[in-house]
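A note on names: the letters A, B, ... follow the listed sequences, proteins ahead of strands, and every chain is numbered from 1.
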2 protein chains.
Amino acid sequence: MATIRDVAKKAGVSVATVSRVLNNKGYAHEDTRRLVNEAIKELNYKPNEVARSLYKKTSRLIGLLLPDIRNPFFPELARGVEDEMQAQGIHLIIGNADEKPKKEIDYIQTFKQNNVIGIISATNQAETSLYEDLSIPVVFLDRTTNSHPSVYSDGLDGGKIAAQEMIKRGSKRIALLRGPIEVRTAQDRFKGAVDELCNANVDFQVITSSFSFHDAEKMAKTLFERFPETDGIIASNDLSAAAILHEALRIGRSIPDDLQIIGYDDIPLSKLLFPPLSTIRQPAYDMGREAGKLLMNIINKKPLEQNYIQMPVTFIERQTTRKVEKNG
Amino acid sequence: MATIRDVAKKAGVSVATVSRVLNNKGYAHEDTRRLVNEAIKELNYKPNEVARSLYKKTSRLIGLLLPDIRNPFFPELARGVEDEMQAQGIHLIIGNADEKPKKEIDYIQTFKQNNVIGIISATNQAETSLYEDLSIPVVFLDRTTNSHPSVYSDGLDGGKIAAQEMIKRGSKRIALLRGPIEVRTAQDRFKGAVDELCNANVDFQVITSSFSFHDAEKMAKTLFERFPETDGIIASNDLSAAAILHEALRIGRSIPDDLQIIGYDDIPLSKLLFPPLSTIRQPAYDMGREAGKLLMNIINKKPLEQNYIQMPVTFIERQTTRKVEKNG
DNA sequence: TTGAAAGCGATACCAC
DNA sequence: GTGGTATCGCTTTCAA
């Protein structure tokens, strides 16, 4: 790879001049500028980002920390972030924390060591101490906290809507899945649903389960064994809902007539399940973009309209819930 | 962040000594070593990877280029790579090329500018010119090429198996989906299937479609309009298979009695489809790990047993295909 | 066994 | 307008 020295030599100027042309900073005669640009092109010179980064203590990289890249919800977020960053010429280092604090710490360290200019984190570490004295901007995504700006969707409302729609459609013995205790958004949607269920004339069970696929499969089995009379399930996410749906069909439950299911997230595959899954939609891609925008605004010290961006959730009616009379 | 100077000062030695201790290189008296290590711990010093990288022209980063992070097959590969790298203390910059050569070039540039020690690419750029004079090791994943080491699965065999299983189970008018023309693995599985179909007493249609979700949905609709008599579909990947399954169910086809479907990949959600999807499994996670290992072996100049690692594919029988008599 | 000093490739200050 | 040079934080000769 050619260096700035090579360019300088070729153009017959000093490295300082090349640098100035490169960064459009300070004066440079039009002719000199052209000369330099020609040399750059001829040598196919690209500035060494590492050297740049060392001096400026900043880079064109941001770190994106995901809890589980295999859960389709997160790649969707990632795409949003990526597209937004791409538009601003910033690249991503994606880290998959795998729900393990150790990995998370590790990645944050790597991010710092590589001079990322900011971090977007979608992980579950309640102990924000990890992020406390980081000296670089952090935005939380799909997650709320008081200590940092964040982009998330309205979990309370989501849970509430799920419960309402479920009740409206006549389920009487409802199983409410509660996501991991350390995930704030999971607890929000849980609380939203609980409130609503308490106020209604229905029985309900609370079952705690992780967000992962594998756990959901096991959980589904036990659920139907222990509570065979359940006629409505509010899942903690679409992945769990899919596992439950699958198990329900396997043991011959009829959906939605005999059992209704509502998921959460609206991952791309939800509409391909059979029957297509009714769910609470989080605008994942848009959330990613917003987080990207927010972070860049912070980095560029633009005045912030808001530090906490709450995105709306919507009920997506598909076919794991019964139709409700138009004027019910 | 503390620098090596701070550590040196605190330990009362020179930076050179600290560096030696840090890297376990060259001599250092046991006492000095202890002194330095204490200082490091007290200051919570972490070496600046950027500075290190600038001098050594190498880093602890590798670049992973994915064609489409939203297709669940790729995160699965990524996890394999990541786990393998993690074990070796190497981190990933993941780039999502989005099937766009421009993005791909861009990412490769970023990788280089950040001194990655190697690249794993799962993209579709047939013109390997992109990767030709890169001066850093490249391993292709889920993709074959003569110019670089690669890890891939046996597409020819996969296509063949799919066709055999389909024929064995009695479909007579088969639609064969052909993935994107520029994707070598897609063409392999296509060819494998074609060969087999040609040798059998069946009719078949070839339909070209992309790997994406959205396209698959549209394609599914037209497929059933134009070829309503189709009684077996060999899809180019699970995503397409899911779209087709969905459409088939929607228009009231009975599966597998009236229509059989075989997918390709065995992404995690395939078993949650209804009916669960019969498919050709690629060992995605393992492929990722192998690619990671291969790359690290190249980087560490270990003798290579093989430059081209072909992984086996297997038929996963689920319920979109009919049962076959045991001694048929 | 240790330390001084020369780089790695860029930026930016200060002279000219 | 332009060029010389200190600097970013680290590694690695080379001399002591």
**Asked** Would you say the side chains of A/S53 and A/N115 form a donor-acceptor pair under 3.5 Å?
**Response** yes

**Presence of A/K25 side-chain N/O under 4.0 Å of C/dA12 phosphate oxygens OP1/OP2** = yes

**Asked** Does A/Y45 place a side-chain N or O at less than 4.0 Å from the phosphate oxygens OP1/OP2 of C/dA10?
**Response** yes

**Message:** Can a side-chain donor-acceptor contact be found between B/Y285 and B/E290 if the only test is distance below 3.5 angstrom?
**Reply:** no

**Asked** A/T3 side chain N/O closer than 4.0 Å to the phosphate oxygens (OP1, OP2) of C/dG9?
**Response** no

**Request:** Name the closest nucleotide to the A/S14 side chain, picking from C/dT11, D/dC10, D/dG4.
**Result:** D/dG4

**Item:** Residue-phosphate contact under 4.0 Å: B/T32 side-chain N/O, C/dT2 OP1/OP2
**Value:** yes

**Request:** Assign B/V13 to base, sugar-phosphate, or nothing according to its heavy-atom contacts below 4.0 angstrom with the strands shown.
**Result:** sugar-phosphate

**Asked** How many Å lie between CZ on B/R60 and C1' on D/dC10, as a whole number?
**Response** 12 Å

**Asked** Taking atom P of C/dG3 as reference, at what distance in whole Å does atom CZ of B/R5 sit?
**Response** 14 Å

**Fill in**
Rounded to the nearest 0.5 angstrom, the CG-CG distance for A/L92 and A/L61 is 8.0 Å

**Message:** Tell me whether the side-chain N/O atoms of A/T17 come closer than 4.0 Å to OP1 or OP2 in D/dG3.
**Reply:** yes

**Request:** Describe the nucleic acid contact of B/A16 in one word from base, sugar-phosphate, nothing, applying a heavy-atom distance below 4.0 Å.
**Result:** base

**Request:** Would you indicate, yes or no, if C/dC8 has its OP1 or OP2 atom less than 4.0 angstrom from a side-chain nitrogen or oxygen of A/N48?
**Result:** no

**Message:** How many whole angstroms separate atom NZ of A/K56 from atom P of C/dG9?
**Reply:** 18 Å

**Prompt:** Going by distance alone, is a donor N or O of one side chain under 3.5 Å from an acceptor N or O of the other, for B/R60 and A/N114?
**Reply:** no

**Message:** Considering every strand and a 4.0 Å limit on heavy-atom distances, what is the contact class for B/S19: base, sugar-phosphate, or nothing?
**Reply:** base

**Prompt:** Starting at CZ of B/R20 and ending at P of D/dT13, how long is that distance when rounded to a whole Å?
**Reply:** 11 Å

**Asked** With a 3.5 Å cut-off and just heavy-atom distances, do the side chain of A/R33 and the base of D/dG1 make a donor-acceptor pair?
**Response** no

**Message:** OP1 or OP2 of D/dG9 versus the side-chain N and O atoms of A/K57: is any pair under 4.0 Å?
**Reply:** yes

**Fill in**
Closest non-hydrogen atoms of A/F73 and A/A284, given as atom of the first, atom of the second and distance, are CE1-CB, 3.6 Å

**Request:** Give a yes or no on whether a salt bridge exists between B/D83 and A/K103, defined as a side-chain N under 4.0 angstrom from a carboxylate O.
**Result:** yes

**Interatomic distance, A/L54 CG vs D/dA6 P [rounded to whole Å]** = 17 Å

**Prompt:** Contact class for A/V15 vs. all strands (heavy atom < 4.0 Å): base, sugar-phosphate, or nothing?
**Reply:** base

**Request:** Return the value, rounded to whole Å, for the distance between atom CE of A/M1 and atom P of C/dC8.
**Result:** 15 Å

**Prompt:** How long is the line joining OH of B/Y55 and C1' of C/dA5, in whole Å?
**Reply:** 11 Å

**Prompt:** What's the OH-C1' distance between B/Y27 and D/dA16, to the nearest Å?
**Reply:** 16 Å

